[in-house]
Number of protein chains: 2
Amino acid sequence: MQETGSSPRTGAHTDLPPFGHAVGFLLAQLGFSISRQFGGLLAGFGIEPRHFGLLRLLHAVEGLPQNVVADRLQIPQSTLVSLIDHLEERGLAERRPDPHDRRARTLHLTSSGAALMADSTRVATEFEFDVICAGFTPEERSDLLNCLQRVAANLGITQGIHPGLHHGPGPVPWCPPEGAEP
Amino acid sequence: MQETGSSPRTGAHTDLPPFGHAVGFLLAQLGFSISRQFGGLLAGFGIEPRHFGLLRLLHAVEGLPQNVVADRLQIPQSTLVSLIDHLEERGLAERRPDPHDRRARTLHLTSSGAALMADSTRVATEFEFDVICAGFTPEERSDLLNCLQRVAANLGITQGIHPGLHHGPGPVPWCPPEGAEP
DNA sequence: TATTGTTATACTCTATAACTATA
DNA sequence: TATAGTTATAGAGTATAACAATA
């Protein structure tokens with residue numbers, strides 16, 4: 001199975017740049033993988049991560065008008081509309097008229113929505129401890145958490161703001177798979 | 001600052017679920033932020049992360065036909081075509097006829113492409129050490145790297161495979177920004 | 001008949017801008 | 001006049017399927 005002449009060099013996995021050993025590269029890789037896998041878990045609940053983000057906000061603070069919610073999620077109002085439509089169709093959230101402003105509509109979790117939040121939060125917690133941090137002692141996990149928070153500070157991440165996540169089938173890779181074949 | 005009646009509860013930032021303290025959440029957040037910022041760095045070179053991934057593969061192993069490259073990147077061949085077109089227009093890569101198979105075309109880095117890889121790799125390394133890992137001792141960084149590799153193993157990430165990355169303007173958030181306002 | 005690379009096409013998601021109803 | 005929510009529209013990006021050349 002050896003080629004001659006102008007055949008491609010083999011052994012790509014050996015001479016790729018040091019990215020595989022870089023914190024930044026690993027973080028990008030892990031972040032995307034986690035988002036994807038978490039999305040897979042949410043699929044069992046009939047929602048996607050973006051809906052989860054909205055539900056989570058509604059769970060935390062109910063009764064906000066849509067424009068405020070859109071502001072907090074840092075998405076355009078028009079995008080929010082379709083998210084709410086989705087949740088409302090599934091009976092997880094609902095719009096109510098704002099008693100103070102007849103233009104506005106406030107957002108609320110239904111009891112189904114609250115139940116879903118409880119269930120999905122449990123699943124997420126299991127994912128955290130049983131998968132992501134499997135084999136970590138509490139101290140190790142705590143140390144890791146600390147390091148990640150330092151990195152977050154280095155990157156200028158305020159608190160819990162982060163932009164987005166995988167939705168569709170899957171975009172183009174950053175880096176060629178190295179471990180695919182011998 | 002207390003409301004009555006049907007007004008929204010305030011203090012969202014205090015009663016959001018424990019995700020802000022979760023490794024998984026932080027990793028997702030960091031991964032996305034890093035991808036974005038790295039994308040910003042690449043913009044200075046006139047390419048996007050997906051092109052970087054392709055260039056990186058070509059840099060590692062030159063002369064592969066397109067179908068093999070598409071396989072390695074785990075993208076459809078049709079998607080690869082537009083990526084190559086982009087690189088070829090910029091003189092960073094080129095297609096050559098495959099001497100063994102007249103259907104196939106092999107992919108190669110140009111000297112400009114090689115130069116760009118050298119430059120962008122340097123920038124990426126600076127990003128790694130001066131930003132992401134700023135304030136870390138070599139030991140701390142090494143420990144972090146170890147932890148992240150353990151997490152990667154937990155998630156079933158073989159070696160360097162990871163699916164994708166942010167392209168466009170920006171998708172919908174996972175989680176409502178918590179630190180936005182008091 | 002199968003395969004390589006390309007093109008054509010449909011689909012998804014996002015964002016901007018028009019539109020309505022209130023304020 | 002400005003604002004809340006909605007709808008319409010356009011744009012970017014991906015994936016599937018048809019296609020031409022070659023194996």
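All values below were derived from every heavy atom in this structure, side-chain atoms included, with hydrogens, water molecules and symmetry-related copies excluded. So that the names make sense, note that chain A is the first sequence line, chain B the second, and so on, each numbered from 1.
Atom pair Q74(B):CD and dT14(D):C1' shows a separation of 15 Å (rounding to whole Å applied). Rounded to whole angstrom, the span from the CG atom of L107(A) across to the P atom of dA4(D) amounts to 13 Å. Per the geometry, CD1 belonging to I84(B) stands 12 Å off C1' belonging to dT4(C), to the nearest Å. Rounded to an integer number of Å, the gap from NE2 of H100(B) to C1' of dA21(D) is 19 Å. When rounded to the nearest whole Å, the span between CG of L80(B) and C1' of dT14(D) equals 13 Å. A straight line from CD1 of I75(B) to P of dT4(C) spans 15 Å, rounded to a whole angstrom. One interatomic measurement links the two molecules: CG of L83(B) to C1' of dG5(C), which rounds to 14 Å at whole-angstrom precision. In this structure, CG of L73(A) is placed 13 Å from P of dG5(D), rounded to the nearest angstrom.
OP1 or OP2 of dG5(D) sits under 4.0 Å from a side-chain N or O of N67(A). Between dG13(D) and R50(B), a contact under 4.0 Å exists linking OP1 or OP2 to a side-chain N or O. An OP1 or OP2 oxygen of dT20(C) is reached within less than 4.0 angstrom by no side-chain nitrogen or oxygen of R102(A).
Q37(A) and S33(A) share a side-chain donor-acceptor pair at under 3.5 Å.
Not one N or O on the side chain of R90(B) forms a donor-acceptor pair closer than 3.5 Å with the backbone of I47(B).
Comparing atom distances between the P76(A) side chain and each of dG5(C), dT6(D), dA15(C) picks out dA15(C) as nearest. Residue S78(B) places its side chain closer to dA15(D) than to any other of dA15(D), dA17(C), dC13(C). Among the nucleotides dA15(D), dG5(C), dG5(D), the one closest to any side-chain atom of R105(B) is dG5(C). Side-chain proximity of Q77(B) to the nucleotides dA15(C), dT4(C), dT22(D) is greatest for dT4(C). Listed nucleotides: dT7(C), dA23(D), dA4(D). Nearest to the side chain of R103(A): dA4(D).
Within the nucleic acid shown, D101(B) comes within 4.0 Å of sugar-phosphate atoms alone, with no base atom in reach, counting heavy atoms only.
Transitive grouping of hydrophobic side chains (ILVMFWY, heavy atoms separated by less than 4.5 Å) brings V123(A) and L92(A) into a common cluster.
In plain terms, the two heavy atoms of V131(A) and N154(B) that are nearest each other are O-CB, 3.1 Å.
The aromatic rings of F52(A) and F38(A) sit perpendicular, their planes meeting at an angle over 60°, well past the 30° parallel limit.
Map V81(B) and S82(A) each onto its nearest nucleotide of DNA chain C; the residue landing nearer the 5' end is V81(B).
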